[in-house]
Amino acid sequence: MAIVKPFGAVRPSAEMAAQVAALPYDVYNRKEACEAVKGNPLSFLNIDRAETQFGEDVDMYADCVYEKARELLEERMADGTFIQDEIPCFYIYQQTMNGRSQTGLVACSSIDDYVNHVVKKHENTREEKEQDRFRHVDTTNAHTGPIFLAYRARAELNRIIYRVTTGHPLYDFVSEDGVEHRVWKIAAPGLVKQIEEEFLHVPATYIADGHHRAASAVKVGLKRREENPGCTGEEPYNYFLSVLFPDEQLMIMPYNRVVADLNGMTDKEFMEKISEIFLVKEEGMIPYSPERKGKFGMYLKRKWYSLEAKEELFSSDPVDGLDVSILQNSLLGPVLGIGDPRTDKRIDFIGGIRGLKELEHRVEEDMAVAFALYPTSIQELLDVADAKRLMPPKSTWFEPKLRSGLLIHLLSEK
């Protein structure tokens with residue numbers, strides 16, 4: 001059963017929240033991060049990506065970068081930009097994008113639940129990316145970016161959260177991308193206890209986004225246990241910052257693909273090859289978005305095509321049956337020679353938020369062909385995780401993104 005705990009968040013004062021809140025650190029490259037913090041010294045990206053405080057000659061993974069992140073966080077706590085709630089609380093975080101809302105519980109999840117697979121994952125992590133966030137968490141003594149978790153909805157939890165959201169929020173602002181962010185605090189001991197008890201009936205939670213942040217937070221917690229053999233298991237470092245959403249509220253967008261060349265084939269040869277695998281139909285100049293599972297859009301030579309997978313390509317296996325797997329296993333791999341999409345430099349991935357026009361742009365700029373996918377469903381994600389399997393890379397794109405810096409969890413009272 002899932003263990004969730006309240007915590008006394010370090011958080012911006014109400015008048016500073018909109019300036020502080022920042023998109024996750026990993027949606028930016030270094031150049032983009034430096035550009036994003038210009039003119040906004042309060043943006044939490046200054047702390048999450050502290051290499052923005054140095055010139056390009058400084059390695060973004062240098063010790064001084066992590067020390068700078070710690071220094072900036074401590075400065076913001078000292079100057080009143082951040083305050084800390086004195087008693088353990090839960091928080092509600094609601095985001096509204098294009099008229100659709102998702103409302104989650106901000107809490108601390110157990111690192112033991114992660115180790116024991118109560119917190120389930122669906123992606124592999126890369127050591128170098130883990131190490132970066134490990135050092136950031138350990139040096140700043142804080143979880144600064146929440147892990148996005150999902151759980152199968154429970155009616156009583158829905159009722160509790162709804163009641164809280166009828167009250168006055170701590171924060172209510174619209175970010176530059178048009179997403180409304182609202183946060184409420186739950187401090188009443190009886191309600192806090194009720195939420196903890198309700199989650200004891202939740203058999204599992206699922207990492208929707210933030211696999212590297214989760215793995216890093218757990219490693220820091222385990223390291224601190226080793227450093228403190230007398231620990232009780234209740235110390236803050238035994239828990240990591242998370243936002244838990246009921247599955248019924250979540251929307252997954254497609255993660256589309258572009259490929260640099262046709263693997264030595266002419267356009268005609270390529271079309272003949274894929275026609276052996278898919279039912280191919282020319283759709284013309286208007287961008288084609290797949291309307292159901294098993295269909296794909298393809299952009300080639302300024303034309304859109306629909307590709308419908310033939311019956312023999314479908315599978316009841318939770319991984320092989322994913323559309324991203326069908327495309328990889330039947331076309332990208334055998335036809336275009338993309339053996340390992342994690343490492344092959346000929347393929348790139350475009351988040352669904354960028355739209356189909358971005359696929360056209362990339363093909364006209366530096367790629368040969370683009371593929372638009374039907375989005376993976378939340379049920380497919382849960383099924384893969386329940387089967388203790390892993391999805392292919394870049395299978396899901398969640399929107400809206402959780403903002404960092406609104407609620408911070410300290411690992412200890414250093």
Inset, instruction - Determine yes or no for a side-chain-to-main-chain donor-acceptor pair under 3.5 angstrom, with Glu235 supplying the side chain and Gly233 the backbone. - result: yes
Inset, instruction - Any ring-ring contact (aromatic ring centres under 6.0 Å, His included) involving residues 368-406? Give me the pairs, sequence neighbours left out, ordered by first then second residue. - result: Phe148-Phe398, Tyr255-Trp397
Legend entry - Min side-chain heavy-atom separation Leu170-Arg11 under 4.5 Å: yes
Legend entry - Pairing residues for Ser13 by the side chain to side chain contact (heavy atoms under 4.5 Å, CB included) criterion, not counting sequence neighbours: Glu15, Met16
Inset, instruction - Ignoring hydrogens and angles, tell me if any N or O in the side chain of Asn228 forms a donor-acceptor pair with the backbone of Cys231 under 3.5 Å. - result: no
Inset, instruction - Decide, yes or no, whether a salt bridge links Asp79 with Arg76 under the criterion of side-chain N to carboxylate O below 4.0 Å. - result: yes
Inset, instruction - Taking all heavy atoms of Leu244 and all of Ala107, pick out the closest pair and write down the distance. - result: CD1-CB, 4.0 Å
Inset, instruction - Mark yes or no for whether Thr376, through its side chain, and Ser395, through its backbone, hold a donor-acceptor pair below 3.5 Å. - result: yes
Legend entry - Glu283 and Ser306: side chain donor to acceptor below 3.5 Å: yes
Inset, instruction - Using modelled atom types only, decide if a donor and an acceptor are shared between the side chain of Thr166 and the backbone of Arg163 within a distance under 3.5 Å. - result: yes
Legend entry - Where at least one partner belongs to residues 208-229, residue pairs that pass ring-ring contact (aromatic ring centres under 6.0 Å, His included), sequence neighbours excluded: His122-His211
Legend entry - Reference residue Ser175; test side-chain hydrogen bond (donor to acceptor under 3.5 Å, both in side chains); the match among His181, Gln95, Glu180: His181
Legend entry - Asn46 side chain to Thr52 backbone, donor-acceptor under 3.5 Å: no
Inset, instruction - Kindly state each residue pair satisfying salt bridge (charged side-chain N to carboxylate O under 4.0 Å, His left out) with at least one member in residues 349-362, sequence neighbours excluded. - result: Asp348-Arg362, Arg354-Glu358, Lys357-Glu360, Arg362-Asp366
Legend entry - Residue pair Thr396 / Ala208: nearest heavy atoms and the distance that separates them: OG1-O, 4.4 Å
Inset, instruction - Taking atom types as modelled, find out whether Asn141 and Ser412 have a side-chain donor-acceptor pair closer than 3.5 angstrom. - result: yes
Legend entry - Test item: Asn116 side-chain N/O and Val118 main-chain N/O as donor-acceptor pair under 3.5 Å: no
Inset, instruction - Nearest 0.5 Å please: distance from the OH atom of Tyr171 over to the CG atom of Leu406. - result: 6.5 Å
Legend entry - Short N-O contact, Lys68 and Glu71, less than 4.0 angstrom: yes
Inset, instruction - Supply the atom-to-atom distance Leu73 CG to Ile408 CD1, rounded to the nearest 0.5 angstrom. - result: 5.5 Å
Inset, instruction - List the atom of Arg100, the atom of Pro400, and the distance in Å for their closest heavy-atom pair. - result: NH2-CD, 3.8 Å
Legend entry - Residues Lys295 and Glu291 bridged, charged N to O under 4.0 Å: yes
Legend entry - Under 3.5 Å donor-acceptor, Glu364 side chain and His361 backbone: no
Inset, instruction - Examine distances only and state if a side-chain atom of Glu51 and a backbone atom of Arg30 form a donor-acceptor pair shorter than 3.5 Å. - result: no
Legend entry - Partner of Val369 under side chain to side chain contact (heavy atoms under 4.5 Å, CB included), chosen from Val363, Leu331, Leu262: Leu262
Inset, instruction - Looking only at non-hydrogen atoms, find the nearest pair between Asn256 and Gly352 and report the distance. - result: ND2-CA, 4.5 Å
Inset, instruction - Decide, yes or no, whether a salt bridge links Arg225 with Asp112 under the criterion of side-chain N to carboxylate O below 4.0 Å. - result: yes
Inset, instruction - Can you see which heavy atom on Ser330 is nearest to which on Ile277, and at what distance? - result: O-CD1, 3.2 Å
Legend entry - Phe199 CZ to Leu105 CG distance, which is reported to the nearest 0.5 Å: 5.0 Å
Legend entry - Test: Asp177 and Lys401 ion pair at under 4.0 Å: no
Inset, instruction - Taking only Lys NZ, Arg NE, NH1 and NH2, and the carboxylate oxygens of Asp or Glu, determine whether Lys293 and Glu380 approach each other closer than 4.0 Å. - result: yes
Legend entry - Ring centroid separation Tyr91 to Phe7 under 6.0 Å: yes
Legend entry - Salt-bridge present (Glu226, Lys223; N to O < 4.0 Å): no
Inset, instruction - Look at the side chain of Trp304 and the backbone N and O of Gly297, then say whether any donor-acceptor pair between them is shorter than 3.5 Å. - result: no
Legend entry - Ring center gap for Tyr299 and Tyr288 short of 6.0 angstrom: no
Inset, instruction - First locate atom OH of Tyr239, then atom OG of Ser110, and finally report the distance between them rounded to the nearest 0.5 Å. - result: 5.5 Å
Legend entry - Modelled atom types, side-chain donor and acceptor of Gln379 and Asp383, under 3.5 Å: yes
Inset, instruction - Give the intermediate values and the outcome of side chain to side chain contact (heavy atoms under 4.5 Å, CB included) for residues Phe240 and Cys108. - result: CA-CA 5 Å; Phe240 60 88; Cys108 285; over 6 Å; no
Legend entry - Between Asp320 and Ser325, a side-chain donor and acceptor under 3.5 Å: no
Legend entry - Test side chain to side chain donor-acceptor pair (under 3.5 Å) applied to Gln94 and Ser101, step by step: CA-CA 7 Å; Gln94 182 182 81; Ser101 295; 4.8 Å; no
Inset, instruction - Apply the side chain to side chain contact (heavy atoms under 4.5 Å, CB included) test between Tyr151 and each candidate in Leu157, Leu382, Asp247; give the one that qualifies. - result: Leu157
Legend entry - Exercise: identify the closest heavy-atom pair between Leu149 and Ser242: CD1-CB, 3.7 Å
Legend entry - Qualifying salt bridge (charged side-chain N to carboxylate O under 4.0 Å, His left out) pairs with a residue from residues 328-338, counting only residues at least two apart or across chains: none
Inset, instruction - Answer yes or no for Arg257 and Phe296: cation-pi contact, defined as NZ/CZ to six-membered ring centre under 6.0 Å and angle to ring axis within 45°. - result: no
Legend entry - 4.5 Å side-chain heavy-atom contact, Ile274 and Met298: yes
Legend entry - Arg133 CZ to Asp138 CG distance, which is reported to the nearest 0.5 Å: 12.5 Å
Inset, instruction - Could you note down all residue pairs passing salt bridge (charged side-chain N to carboxylate O under 4.0 Å, His left out) where residues 386-398 supplies at least one of them, sequence neighbours left out? - result: Lys120-Asp386, Arg152-Asp386, Asp317-Arg389
